[in-house]
Visitor: 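The structure that follows is given in the form of structure tokens.
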Amino acid sequence: AEPAQQLAVPATVITVDPTDVPYVAEFVGETESSQEVEIRARVEGFLESIAYREGSLVNKGDVLFKMDRKPFEAALAAAQAELQAQQARLGTASANLKRVAPLAAEDALSQKDLDDAQGSRDAAIAAVEGARSRVQQAEINLSYTTILSPVTGVTSFARKQPGSFIAPGPDSLLTYVSALDPMRVNFSVSENEQLKFNKLVTEGKLRAAADQKYSVKIILADGTVVPAPGYITFGDASFSKETGTFLVRAELPNKDGLLRPGQFVRVLMSGATWVDAIEVPQRAVMQGPQGNFVWVVDGESKAQFRPVKLGPLSGDRWLIEEGLQPGERIVVDGGLKLAPGVPVKPDDPAQAPATGTPAPAKG
């Protein structure tokens with residue numbers, strides 16, 4: 001038989017239509033605590049005990065360290081005694097002024113006597129206030145001997161052991177507490193990636209996210225997807241001269257503590273949209289010596305070889321950057337039996353078996 005009359009090859013055929021497709025960019029990121037707090041000594045004294053299990057999760061207000069309280073309790077008792085003494089002096093000065101004032105009004109005492117009595121009373125009032133402030137300071141110092149966690153988070157190891165003398169200053173660090181919820185993820189965007197993105201937006205091929213609200217999905221090293229999505233909260237204003245990238249930061253909920261600081265994760269950023277893009281099933285794209293191609297069914301229902309330029313893979317569908325026009329028909333299944341000019345008999349796509357050798361995903 002002549003080639004024009006050879007039997008048609010059954011194949012699954014679809015018509016490609018332009019549609020808006022979510023834009024997803026992938027980066028490598030590193031997790032970081034949203035609030036890493038240094039726990040430091042605020043008064044000097046001897047460390048009595050460590051009240052937490054190193055590396056464990058603690059709640060805000062939990063006790064971390066205890067210092068020897070006895071010197072501070074003694075200082076507080078002394079300050080309270082001084083306050084009582086000054087209050088007694090104030091009582092005496094006030095009673096003396098109460099006696100002097102009527103006599104001075106009747107000229108039985110001089111104006112100097114009245115002024116001295118008033119000055120003694122005012123000085124006693126000031127002395128009481130000074131003693132009261134010293135009591136408050138002693139109470140604060142005593143409270144500092146019980147060192148609490150200011151945030152809910154995971155602890156680090158203790159830098160000082162019981163019996164050590166600790167004091168405020170450069171060597172006052174006791175441990176760290178790193179908040180886990182929310183968790184930050186930092187990643188870098190290269191200058192080339194940013195320029196390409198801006199160019200696609202300018203050309204109308206991409207539509208940026210409304211109000212610049214970009215979301216991120218985090219995937220762990222073992223493929224686990226973190227259930228709660230996050231959002232971009234910070235983008236550096238300038239590129240790093242050393243790396244040619246700029247820092248981007250996202251925050252996401254982490255109530256179950258799945259993420260810990262210092263993990264390397266995959267970051268899938270979405271929010272932008274490909275405008276009038278053409279997507280085809282992954283198995284429709286074949287790979288040959290000259291690169292990726294698809295079988296296009298022409299107006300005479302014959303197969304034609306068509307090289308294509310692939311964009312990103314979204315699920316099981318390739319984005320086609322170049323090579324296909326809206327309304328063209330392509331072969332999805334059965335491409336292994338085709339050659340240029342071979343007639344194609346379209347099958348019902350719902351009943352066609354998934355055959356063919358799809359092009360592998362990039363990266």
Side-chain angles (χ1 to χ4, degrees), residues 34-52 58-153 155-156 158-179 181:
S34 56
Q35 188 178 5
E36 186 175 75
V37 181
E38 295 180 344
I39 308 300
R40 291 183 176 273
R42 302 177 74 170
V43 291
E44 65 177 33
F46 286 94
L47 183 61
E48 192 170 79
S49 64
I50 300 173
Y52 75 101
V58 296
N59 294 315
K60 181 179 180 179
D62 285 355
V63 178
L64 300 180
F65 298 91
K66 291 183 179 180
M67 296 175 62
D68 183 8
R69 294 169 57 90
K70 292 187 288 294
F72 299 92
E73 290 171 341
L76 176 58
Q80 290 171 332
E82 182 189 356
L83 174 60
Q84 291 175 351
Q86 296 298 343
Q87 287 173 332
R89 292 190 184 96
L90 174 60
T92 301
S94 298
N96 185 48
L97 177 61
K98 191 174 182 180
R99 288 192 301 270
V100 168
L103 296 175
E106 296 175 0
D107 292 331
L109 289 175
S110 67
Q111 182 65 36
K112 181 180 182 303
D113 293 329
L114 177 62
D115 292 342
D116 289 345
Q118 288 177 332
S120 297
R121 195 274 314 267
D122 293 343
I125 291 175
V128 167
E129 291 303 315
R132 183 173 287 117
S133 69
R134 286 187 285 276
V135 168
Q136 291 175 341
Q137 185 61 57
E139 290 174 338
I140 291 172
N141 289 341
L142 178 60
S143 71
Y144 285 160
T145 62
T146 302
I147 301 170
L148 309 176
S149 175
V151 296
T152 296
T155 55
S156 179
R159 267 64 173 181
K160 301 288 186 180
Q161 296 303 312
S164 302
F165 181 80
I166 56 178
D171 195 33
S172 62
L173 180 65
L174 299 177
T175 190
Y176 290 94
V177 177
S178 301
D181 185 24

Visitor: Between L64 and L148, does the side-chain contact (heavy atoms from CB on, under 4.5 Å) criterion hold? Intermediate values first, please.
Guide: CA-CA 5 Å; L64 300 180; L148 309 176; over 6 Å; no
Visitor: Are a donor atom and an acceptor atom from the side chains of Q111 and D115 found within less than 3.5 Å of each other?
Guide: yes
Visitor: Roughly how far, to the nearest 0.5 Å, is the CZ atom of R40 from the OH atom of Y176?
Guide: 6.5 Å
Visitor: On a heavy-atom basis, which atom in A117 and which in L97 lie closest, and how many Å separate them?
Guide: CB-CD1, 3.9 Å
Visitor: Check whether T175 reaches the backbone of I39 with its side chain - one donor and one acceptor, N or O, closer than 3.5 Å.
Guide: no
Visitor: Kindly determine whether T146 and R69 satisfy side-chain contact (heavy atoms from CB on, under 4.5 Å), including the steps that lead there.
Guide: CA-CA 9 Å; T146 302; R69 294 169 57 90; 3.8 Å; yes
Visitor: Using modelled atom types and a 3.5 Å cut-off, is there a donor and acceptor pairing between side-chain atoms of S172 and backbone atoms of G169?
Guide: yes
Visitor: Mind checking the OG-CD spacing from S94 to Q118? Nearest 0.5 Å is all I need.
Guide: 11.5 Å
Visitor: Closer than 4.0 angstrom, basic N to acidic O: yes or no for E129 and R132?
Guide: yes
Visitor: For the residue pair L174 and K160, what are the closest heavy atoms and their distance?
Guide: CD2-CG, 3.6 Å
Visitor: Which heavy atom of E44 sits nearest to which heavy atom of M67, and what is that distance?
Guide: C-CE, 3.9 Å
Visitor: Can you see which heavy atom on L173 is nearest to which on E38, and at what distance?
Guide: CD1-CB, 3.9 Å
Visitor: For side-chain contact (heavy atoms from CB on, under 4.5 Å), just list the numbers for I50 and Q161, CA-CA rounded to whole Å, side-chain angles, deciding distance to a tenth of an Å, and then say yes or no.
Guide: CA-CA 8 Å; I50 300 173; Q161 296 303 312; 3.8 Å; yes
Visitor: Quick check: does any side chain N or O of T145 sit under 3.5 Å from a backbone N or O of L142, one acting as donor and the other as acceptor?
Guide: yes
Visitor: Say you draw a straight line from CZ of R42 to CD1 of I166; how long is it, rounded to the nearest 0.5 Å?
Guide: 12.5 Å
Visitor: Of all heavy-atom pairs between P162 and S49, which one has the smallest distance, and what is that distance?
Guide: CG-CA, 4.2 Å
Visitor: Could you grab the distance from atom CZ of R121 to atom CG of N96, nearest 0.5 Å is fine?
Guide: 11.0 Å
Visitor: Measure from the side-chain N and O atoms of S178 to the backbone N and O of G153, and report whether any donor-acceptor pair falls under 3.5 Å.
Guide: no
Visitor: What's the verdict on side-chain contact (heavy atoms from CB on, under 4.5 Å) for V43 and F72, showing C-alpha distance, side-chain angles and the deciding distance?
Guide: CA-CA 10 Å; V43 291; F72 299 92; 3.7 Å; yes
Visitor: About how many Å separate OH of Y52 and OG1 of T155, when rounded to the nearest 0.5 Å?
Guide: 5.0 Å
Visitor: Could you check whether any side-chain heavy atom of L83 comes within less than 4.5 Å of a side-chain heavy atom of V128, counting everything from C-beta outward?
Guide: yes
Visitor: To the nearest 0.5 angstrom, please state how far the OG1 atom of T152 sits from the CD atom of Q35.
Guide: 9.5 Å
